[in-house]
Amino acid sequence: MKVLKFGGTSVGSPENMRAVMKIIADGEEKIVVLSAMSGTTNALVEISGLLWKKNRETASISIGQLEASYKKVVKKLFESEENRKKGQKIIKSAFNIIKSFTSGKFSQVGENTILAQGELISTQLFTLLMNENGYDCKLLPALEFMRIDEDKMADSNYIREHAEKVLQEVGPTTYYITQGYICRNASGEIDNLQRGGSDYTASLLGAAIDAEEIQIWTDIDGFHNNDPRYVENTKKIEQLSFNEAAELAYFGAKILHPQTVFPARVQNIPVRLKNTMNPADGGTLITAESSGTGIKAVAAKDGITAIKIRSDRMLMAYGFLKSVFRIFEKYRTPIDMISTSEVAVSLTIDKKDNLQKIKNDLDKFGTVEVDDNMTIICIVGDIIAEERGFASKVFNALDGIPIRMISYGGSRHNISVLVPNSHKKSTLQALSENLLSNGN
Ligand code: ADP
Ligand code: ASP
Ligand code: MG
């Protein structure tokens with residue numbers, strides 16, 4: 001069985017939902033993971049933000065606007081009066097849940113419950129659409145099998161066990177529809193897999209049921225060799241290895257949630273990226289094999305903080321790095337890049353919740369400098385780090401760009417440079433012009 005995920009734009013209008021129906025309804029049994037309609041999660045995040053600030057009146061106005069837009073969708077989506085009524089009922093009950101949080105004390109559970117409504121609505125409407133058009137289709141409730149543990153990591157064993165159980169309980173059908181992004185946490189409360197998490201749902205579910213293929217359907221024809229939002233004339237990549245795709249997704253390629261590749265790689269399940277607006281195109285295939293050597297693509301990850309610790313105690317001392325790392329471990333903060341000299345160590349983090357506490361602890365070792373608003377630019381390909389003359393090509397391409405850190409040799413697939421965010425676009429463009437366009 002295949003697992004197909006359709007993103008926000010793919011289900012973003014009644015016309016697009018019908019296009020998705022056409023793509024999936026080929027008679028083959030499959031699981032379809034849907035995101036919320038485009039713009040919905042952003043609106044729900046905004047509403048939650050207003051409720052945190054006790055700005056209930058403005059929140060109620062935004063809720064009303066979002067509800068009105070859904071009422072219009074329902075009118076356009078269904079043919080029969082009976083299904084329009086059913087559709088309006090779905091909308092009403094979801095919005096009653098959202099409105100129930102506009103009084104009383106707002107909480108994290110409240111926010112997570114609000115954020116979940118986007119996917120809960122899109123999947124119910126889509127299932128009704130499929131049924132209205134005569135297709136054998138059932139809803140799989142993601143909240144009954146998607147789970148994260150205390151460290152907010154996906155609980156693969158739980159997902160495997162419960163996905164099978166829920167499939168049995170729901171019973172046979174041709175098309176199973178389920179919600180991306182949403183899950184429960186270790187306490188059983190509603191939670192989510194972070195923004196863009198529907199891709200991750202698809203790969204976790206694909207791995208759990210040992211799917212034959214995981215397909216991520218979106219609004220572009222596949223993985224491009226640079227970020228099309230910042231660079232013109234980017235090109236689609238036909239094939240990527242799991243390792244290359246994982247590096248690009250982790251280092252900011254928005255087309256895939258950063259963790260999507262891992263479950264697929266463990267089970268060796270091919271991942272295919274496809275365009276809902278152009279289904280005939282083969283898209284990008286991600287498998288264990290890489291196709292050819294050299295640079296494949298670059299990506300950028302924003303919101304990075306660089307921390308430099310300068311200490312005379314580091315000189316000739318062993319155990320110094322261990323003491324530094326222990327502080328990051330204590331505050332559960334992952335380190336992305338690292339580079340050391342005799343008396344200083346520089347590293348980067350993107351999780352800033354405990355930055356001040358980390359800084360206070362590091363202050364005991366020496367002088368600590370913190371630089372915010374940095375961007376990691378990641379250059380990915382096969383054996384690029386071993387290719388002779390490769391480093392000089394990268395440095396020539398980046399002539400004139402203020403590079404704050406470099407990571408080279410940590411992986412044969414990746415070279416990363418840290419630049420101020422204000423230089424992100426020019427760095428991506430320089431790499432495109434000098435490394436990607438001439439067949440390198
Ligand atoms: P969805 O809502 O379907 O999940 P996303 O917006 O999350 O879609 O991801 C698709 C978008 O990712 C594209 O429209 C494109 O602007 C952006 N993107 C960023 N980097 C890349 C890349 N390297 N290749 C393709 N798309 C990319
Ligand atoms: N709807 C969620 C978001 O906008 C999840 C997703 O689309 O993947 O982040
Ligand atoms: Mg996405």
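Counting starts at 1 for both ligands and their atoms, following the listed order.
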Given Ala116, Ser10, Ser198, Ser122, identify the one with the heavy atom nearest to atom 5 (C) of ligand 2.
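Of the listed residues, Ser198 has the closest heavy atom.
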Close approach of Gly118 to ligand 2, heavy atoms, under 4.0 angstrom
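Gly118: no contact with ligand 2 (<4.0 Å).
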Is the shortest distance from a heavy atom of Gly196 to ligand 2 less than 4.0 Å?
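Heavy atoms of Gly196 do come under 4.0 Å of ligand 2.
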Hey, is ligand 1 close enough to [X] that some N/O pair sits below 3.5 Å?
| X | result |
| --- | --- |
| Asp199 | no |
| Thr9 | no |
| Phe223 | no |
| Thr218 | yes |

Could you list which atoms of ligand 1 come closer than 4.0 Å to a heavy atom of Gly7?
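In order of number, 1 (P), 2 (O), 3 (O).
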Any side-chain donor near an acceptor of the partner, [X] and [Y], under 3.5 Å:
| X | Y | value |
| --- | --- | --- |
| Asn16 | Ser10 | no |
| Lys296 | Ser290 | yes |
| Gln239 | Thr287 | yes |

Work out whether the distance between some heavy atom of Lys236 and some atom of ligand 1 is less than 4.0 Å.
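For ligand 1, residue contact (heavy atoms, under 4.0 Å) with Lys236 is absent.
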With heavy atoms only and a cut-off of under 4.0 Å, state how Ala299 meets ligand 1: side chain, backbone, both or neither.
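Near ligand 1, Ala299 shows nothing, with every heavy atom at 4.0 Å or more.
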Distance to 0.1 Å, residue and atom name: give those for the protein heavy atom nearest to [atom].
| atom | answer |
| --- | --- |
| atom 6 (O) of ligand 1 | Lys254 NZ, 2.7 Å |
| atom 13 (C) of ligand 1 | Asp219 OD1, 3.5 Å |
| atom 21 (C) of ligand 1 | Pro228 CD, 3.5 Å |

Pi-cation contact, Phe145 with Lys165 (under 6.0 Å, within 45°):
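Negative - Lys165 is either too far from the ring of Phe145 or too far off its axis.
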Does Lys301 make a cation-pi contact with Phe251, if we ask for NZ or CZ under 6.0 Å from the ring centre and within 45° of the axis?
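Yes - Lys301 lies over the ring of Phe251, closer than 6.0 Å to its centre and within 45° of its axis.
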Salt bridge Lys152-Asp191, side-chain N to carboxylate O under 4.0 Å
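Yes.
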